[in-house]
There are 2 protein chains.
Amino acid sequence: VSAADGQLLREIEVLDESGARRALQIPVERPLTISINGRELVTLMTLGARSELLVLGYLRNQRIIDSVKDIKSIRIDWATGSAAVSLRPTANEIKADARHQVGTACGLGTVFGDLMMRVDAAPLPSAGTARLSSAALLRILEIMREYDAIHRAAGSVHGCALFHGADLLASIEDVSRHNGVDIITGWMLLHGVAGADKTLFTTGRLTGEMVMKAAHNGVSIMVSRNGVTSMGYDLGVKLGMTLFGRAAKSRYLCYTGAERFDRESDISG
Amino acid sequence: VSAADGQLLREIEVLDESGARRALQIPVERPLTISINGRELVTLMTLGARSELLVLGYLRNQRIIDSVKDIKSIRIDWATGSAAVSLRPTANEIKADARHQVGTACGLGTVFGDLMMRVDAAPLPSAGTARLSSAALLRILEIMREYDAIHRAAGSVHGCALFHGADLLASIEDVSRHNGVDIITGWMLLHGVAGADKTLFTTGRLTGEMVMKAAHNGVSIMVSRNGVTSMGYDLGVKLGMTLFGRAAKSRYLCYTGAERFDRESDISG
């Protein structure tokens with residue numbers, strides 16, 4: 001556990017069922033209030049390991065920004081739990097305003113009402129461009145078993161990671177599955193990484209909003225350790241995405257989009 | 001599976017890792033937009049099994065209403081996914097307005113920024129009033145294993161239940177752990193059931209907001225199948241609550257408030 005990780009975990013003393021005292025690690029979440037040009041937008045709870053990327057990805061996935069160029073600066077101040085975002089005077093001020101309104105209708109951990117209306121806005125790569133082999137999928141599951149350090153130490157967090165074939169590009173753990181995909185989005189945006197030939201792994205459920213966030217970033221293949229909801233499934237089908245769930249060890253289910261999946265092929269194929 | 005349950009689940013066809021086709025049940029979530037006196041407040045995603053209770057509990061836990069008396073009517077229309085709430089002309093209109101503002105700062109699946117400030121507002125029963133025996137706790141875990149019908153059939157949902165000792169009073173499954181506790185809250189409000197001597201079970205994590213919702217309804221004992229976050233733990237300690245986590249089969253951890261817990265006592269004791 002590095003110095004940075006030390007701030008993500010805290011040790012408490014608990015009693016187990018035998019009455020014995022035990023030390024237990026728990027994740028340390030912090031409120032982070034994002035404001036745009038001085039106007040409060042939202043408060044997210046986060047471990048805070050990648051707060052700039054979280055802010056970047058959140059703004060992109062809420063469609064307030066299109067690229068990093070839309071941002072003049074992001075200042076994180078943990079003393080006040082604030083992320084002050086300064087946007088360039090492009091069309092984004094208006095977008096931020098519009099978003100501020102939509103923000104009033106946000107559910108807790110859920111999708112926005114206009115989710116299904118946005119479907120047509122996300123063109124995804126053809127099955128020719130984005131493919132995944134069963135060997136790569138199994139390797140992804142193997143890698144992710146080793147990358148859930150906080151989950152294993154403390155539980156109560158979600159993991160999210162981006163792969164190119166079986167190559168891990170970026171991974172993160174945070175207190176919500178939404179933060180995870182937002183941080184990966186921020187990483188893609190910052191590094192100019194396109195989603196077309198990538199696979200997004202999450203430990204969280206494939207709900208409508210999670211699937212939408214992947215699609216919005218051009219990612220057409222998602223793998224979840226968890227399940228799918230009807231809205232996530234419907235969106236995946238409508239967008240022509242490839243969704244895997246219940247994926248752990250050597251087991252998985254392909255919910256939709258099997259045309260992108262090469263079974264029993266070589267990892268390089 | 002009853003007729004009502006049939007609307008909560010849907011069957012899709014998936015491919016498993018051996019390439020075999022399989023029928024799979026998935027939970028069917030629907031958007032439900034709550035408006036108060038004609039003004040849009042929030043959109044929740046829900047299975048819709050207990051939507052009136054969900055609306056009632058949501059409004060109570062967001063502190064827009066104090067009791068059912070504050071409500072003139074709730075009209076649910078699934079064709080438009082809307083819950084039209086009419087409030088009585090008491091002080092609540094103002095509260096609803098205030099809440100509408102705070103609503104813009106809501107996190108996805110997370111707590112509100114002013115959570116810690118509300119702590120002093122929730123007086124909880126003494127350890128003398130609210131107690132739980134280890135026998136009752138084990139019985140609760142046994143009962144909850146049998147009550148997660150949708151979870152077993154389809155996964156991707158959270159369960160929540162209210163107990164008096166080892167007696168199950170109400171239970172619900174929905175797509176978010178927040179909906180679960182909101183629905184149980186609505187049930188308590190509708191039936192005039194006080195939280196003082198009750199235990200709230202949830203399959204979800206004990207985050208700050210979950211702990212706060214229990215406390216707001218006078219419930220001082222919580223049991224989670226999952227873990228705790230630092231904010232949930234801190235709130236529990238500060239409020240003098242009793243929190244159990246990682247509770248399944250015959251195992252559990254007591255995070256805080258062991259003074260309310262009677263180990264190895266009789267279920268009636």
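Order of the sequence lines fixes the chain letters, A, B, ..., with proteins taken first and strands second; residue numbering starts at 1 for each chain.
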Check your understanding: Non-hydrogen atoms of chain B under 4.5 Å away: do they reach the side chain of A:Y233, the backbone, both or neither?
Key ->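 Looking at A:Y233, just its side chain touches chain B.
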Review point. Chain B heavy atoms under 4.5 Å from A:L32: which part of the residue, side chain, backbone, both or neither?
Key: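 Answer is neither: A:L32 stays 4.5 Å or more from chain B.
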**Study point:** Residue from B:L243, B:L253, B:T256 passing side chain to side chain contact (heavy atoms under 4.5 Å, CB included) with A:V14
**Key:**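 One option only clears the test, and that one is B:L253.
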Point to revise | All pairs passing salt bridge (charged side-chain N to carboxylate O under 4.0 Å, His left out) where residues 13-22 of chain B contributes a residue, at least two apart | key: A:R251-B:E17, B:E13-B:R21, B:D16-B:R22
Review point. So, do A:R205 and B:V175 sit near enough that their side-chain heavy atoms are less than 4.5 Å apart?
Key: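 A:R205 vs B:V175: side chains touch.
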Under a 4.5 Å heavy-atom cut-off, does chain A meet the side chain of [X], its backbone, both or neither?
X      : result
B:T46  : neither
B:F244 : neither
B:I34  : neither

**Study point:** Smallest separation among heavy atoms of A:M231 and B:M45, with atom names
**Key:** SD-CE, 3.3 Å
Review point. At their closest point, which heavy atom of A:R10 faces which heavy atom of B:S230, and how far apart are they?
Key: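 What the structure gives for the nearest pair is NH1-CB, 3.7 Å.
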Check your understanding: Based on non-hydrogen pairs under 4.5 Å, which of A:A258, A:G227, A:G19 is most in contact with chain B?
Key -> A:G19
Practice item. Calculate, to the nearest 0.5 Å, the distance between atoms OG1 and CD1 belonging to A:T229 and B:I26 respectively. Key: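 It comes to 7.0 Å.
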